[in-house]
Amino acid sequence: MSDFKPRFLKPSDTSSFLDKNEPQSLESTDFIYNKHLSQSIQTQRQRLPIFNNRNHILYLLEKFQTLVLVGETGCGKSTQIPQYMIEAEWPLSIGVCEPRRVAAISLANRVADETGSLVQQETVGYAVMFDACNNKPKIKYMTEGILLREMMSDPLLKDYSAIMIDEAHERTLYTDILMGLMKKILKRRKELRLIVASATLDAKALQEFFNNNPTDDKKKDTAVIMSVEGRQFPVDVFYVAEPVPCYLQASVDTVLKINESKQPGDILVFLTGQEEVERTVRLLNEHANLIEESRKKEKIVVLPMYGSLPHHDQLKVFRSAPDGYRKVVVATNIAETSVTIPGIVHVIDCGFVKLKWYNNETHTDSLVTLPISKSSADQRAGRAGRLRSGKVYRLYTEEFAAKLADNTPPEMVRSNLTYAVLQIKALGIANILKFDFPSPPPIQNLKSALEILYALDAIDIEGELTRPLGFNIAEFALDPLYSKVLFSSGEFGCSEEILTIIAMLQVETVFTKPSTGNSIIKARIQKRLFEVEEGDLITYLNVFNGFIQSDMSQGFCHKNFLSYKGLKRVVEIRRRLEKMLRNYGVPIESCIRSTEMIRKCLVKGLFPNAAYLHHSGSYKTIRGDIELSVHPDSVLYTIPQPQWVIFCQVVHTTKLFMRDLTVIDSDWLLELAPHFYFKTTFHE
DNA sequence: CTTCTAGCG
């Protein structure tokens, strides 16, 4: 077990936008275990499964414009194909798009190692937001959003011979936007090549999407599919005979059963959320203690893994268990794609996943628990077969498995599209309703997005981006509502305060929640010191200012139950936003404690999220008449309910809860967003 | 009287 060698990131990846995910972990395409470490780089490259297909791939790329490449993770496609193309003397750059920053950076490092001794410098580079190296490398690894930005200044991607969209099966919002745009560009630039790399079997649909002449047999196909075998070992699949009443208990039982059977290898459990993970870890730890006492059975170490777990704790899952112990990792979906945990031989799969789903009637995102798709089930199972042949225990019946959808619905069909639509518009697509989406979203979702963009004055009545505001908002890496607030802050003379508030909204809460009785009360008392009746956002402003006045001291954070790391990150984000805002000529000034100007400025962008106190005692949105409640975390929860509020987000659990509230005056809505709120709305 | 799957710009 000791020959696992995680590759750590170079220190250049210190962008604090990423702090909470930074670790970490290695992306699934990275090579964690390299049994050929002592061999020369060239020998290693030739050992990759993809090497046998080298000439065939190059041939297909000569003949076809689009290559849909199906290959399991670890076959080497994302590191090797760009090198093959350079070796075959394709003249311009090869761009590789990754869904995650860590992946882009670690792939670039890997390929730089491989090519370093052979080719001159400047061969390989990467670009992720706020961090780039090598201006125009021959092979460029980047995040998907970066290529979109490049398209804004270079719509035909004239610097590139080929673009590779990696991990396309994940179907992020950006993957889909990129694929739609690439289809257009390919028609205009016949010499450009596209490689769509996917781990699953939706290849046929992708090929059809990119095939220019699918029905006319006189013209030849422009897209082709090819499969590359991975270095995956076989995985035995087990189903439960009868549906289990509780998959948490079932997963605990299954872990213990595997452990008693004394088959070697670590165990990975897939559950849906943080709370489930922690409960299961507690249950397993109780058993682990019993096991230690009995001294007979094999001992286990139990580790949680989920996105908001502190950095330090996330890293623990990459270490192998001490001698005489078996590692049991209880994880959310993070372990399905984002993170590869070494040593796993057994996978336990609950069969469910939490997905964000946009509800067009309430205009809110909900987090819903749904059965996974077949490709997701396969992906989870595959986590067991990376070391040697493995086993997956599915906590659902074979009938249930047969009924699963083939693929998880792409984000495009289940997201709030405001930002995506703005991006597509900024890339020169006039009629968004006719845009060729790989999976068209519901028309209503598109219309809602257009409505909001129009109300924000980011597009005009013709649907054209406005100048300069629409273009500026498109360039800003924020929710358009927040960008609008920022760009309005100059006219209200409160950009200093607004910068702080928006930066605070970019991190998870900076209030830490102690778990033991006494501290819970103490934390609540300390929080009161910052609270104001104007709401949460002004409260955040007080917290931040207090932190700055304390010279960013850790003692201040400790005393007030605040997250030092979180606030440091806010400082960094704020610094970046301020720099960007200055570039757009917005004056940076303070309104010195006039919260009215700040709150008016917030209304200028957040007006679609307004709610009033209905005589029934709960709040209702003005658009849509949806019933909402104040979230118990809000400072407004414990004081008499104000008549009018605006909110930043809604979470859907037992009810629809508004979070991050600000108290407003109803007159401001008419004054600042008259086009959105006609007077009649108020008198119904 | 309670949340926060994952991730990007």
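Chain identifiers are assigned alphabetically (A, B, ...) following the order of the sequence lines, protein sequences preceding nucleic acid strands; residue numbering begins at 1 within each chain. Keep in mind it's a predicted model, so treat the numbers as computed, not measured. Heavy-atom basis, side chains included; hydrogens, waters and symmetry copies ignored.
Taking atom CD on A:Glu411 and atom C1' on B:dA6, their separation rounds to 8 Å, with Å as the unit. Whole-Å rounding puts the A:Met658 CE to B:dT2 P distance at 15 Å. The distance from atom CD of A:Glu144 to atom P of B:dC8 is 10 Å, rounded to the nearest whole Å. Atom-to-atom, NE2 of A:His652 to P of B:dT2 comes out at 13 Å; the value is rounded to the nearest Å. Distance, A:Phe476 CZ to B:dC8 P: 20 Å, rounded to whole Å. Counting to the nearest Å, the P atom of B:dT3 and the OH atom of A:Tyr637 are 11 Å from each other. Per the geometry, OH belonging to A:Tyr247 stands 11 Å off P belonging to B:dT5, to the nearest Å. Atom CG of A:Asn333 is separated from atom P of B:dC4 by 16 Å (rounded to the nearest Å).
For A:Gln274 and A:Pro480, each mapped to the nucleotide of DNA chain B holding its nearest heavy atom, the one lying further toward the 5' end belongs to A:Gln274. For the pair A:Tyr306 and A:Asp479, both in contact range of DNA chain B, the more 5′-proximal nearest nucleotide belongs to A:Tyr306.
Which of B:dC1, B:dC4, B:dG9 sits closest to the side chain of A:Lys655 comes down to B:dC1. For A:Thr332, taking side-chain heavy atoms from C-beta onward, the closest of the listed nucleotides B:dG9, B:dT2, B:dT5 is B:dT5. Residue A:Asp633 has its side chain nearest to B:dT2 when only B:dC1, B:dG9, B:dT2 are considered. Among the nucleotides B:dC4, B:dA6, B:dT2, the one closest to the side chain of A:Thr509 is B:dC4. Set against B:dG7, B:dT2, B:dT5, the side chain of A:Lys354 has B:dT5 as its closest nucleotide. In the set B:dG7, B:dG9, B:dT2, B:dG9 carries the atom at the smallest distance from any side-chain atom of A:Thr143.
Counting any heavy atom pair closer than 4.0 Å across all strands shown, A:Leu367 reaches a base atom. Nucleic acid contact class of A:Thr172 (heavy atoms, under 4.0 Å, all strands): none. Within 4.0 Å of A:Val353, counting heavy atoms only, lies no atom of the nucleic acid at all. Contacts of A:Leu478 with the nucleic acid, taken as non-hydrogen atoms under 4.0 Å apart, include base atoms.
Distances shown here put a side-chain N or O of A:Arg101 below 4.0 Å from the OP1 or OP2 atom of B:dG9.
Note that A:Arg414 lies outside the cation-pi zone of A:Tyr358, set by a 6.0 Å cut-off to the ring centre and a 45° limit from the axis. A cation-pi contact links A:Lys527 to A:Phe511, judged by a cut-off of 6.0 Å to the six-membered ring centre and 45° from its axis.
Under a 4.0 Å N-O distance rule, the pair A:Arg528/A:Glu531 qualifies as a salt bridge. Salt-bridge check for A:Glu627 with A:Lys620: failed, with every basic side-chain N at 4.0 Å or more from each acidic carboxylate O. A salt bridge is defined here as a Lys NZ or Arg NE, NH1 or NH2 lying under 4.0 Å from an Asp or Glu carboxylate O, and A:Arg575 with A:Glu572 meets this definition.
For A:Arg574, the salt bridge (charged side-chain N to carboxylate O under 4.0 Å, His left out) criterion is met by A:Glu496, A:Glu578, not counting sequence neighbours.
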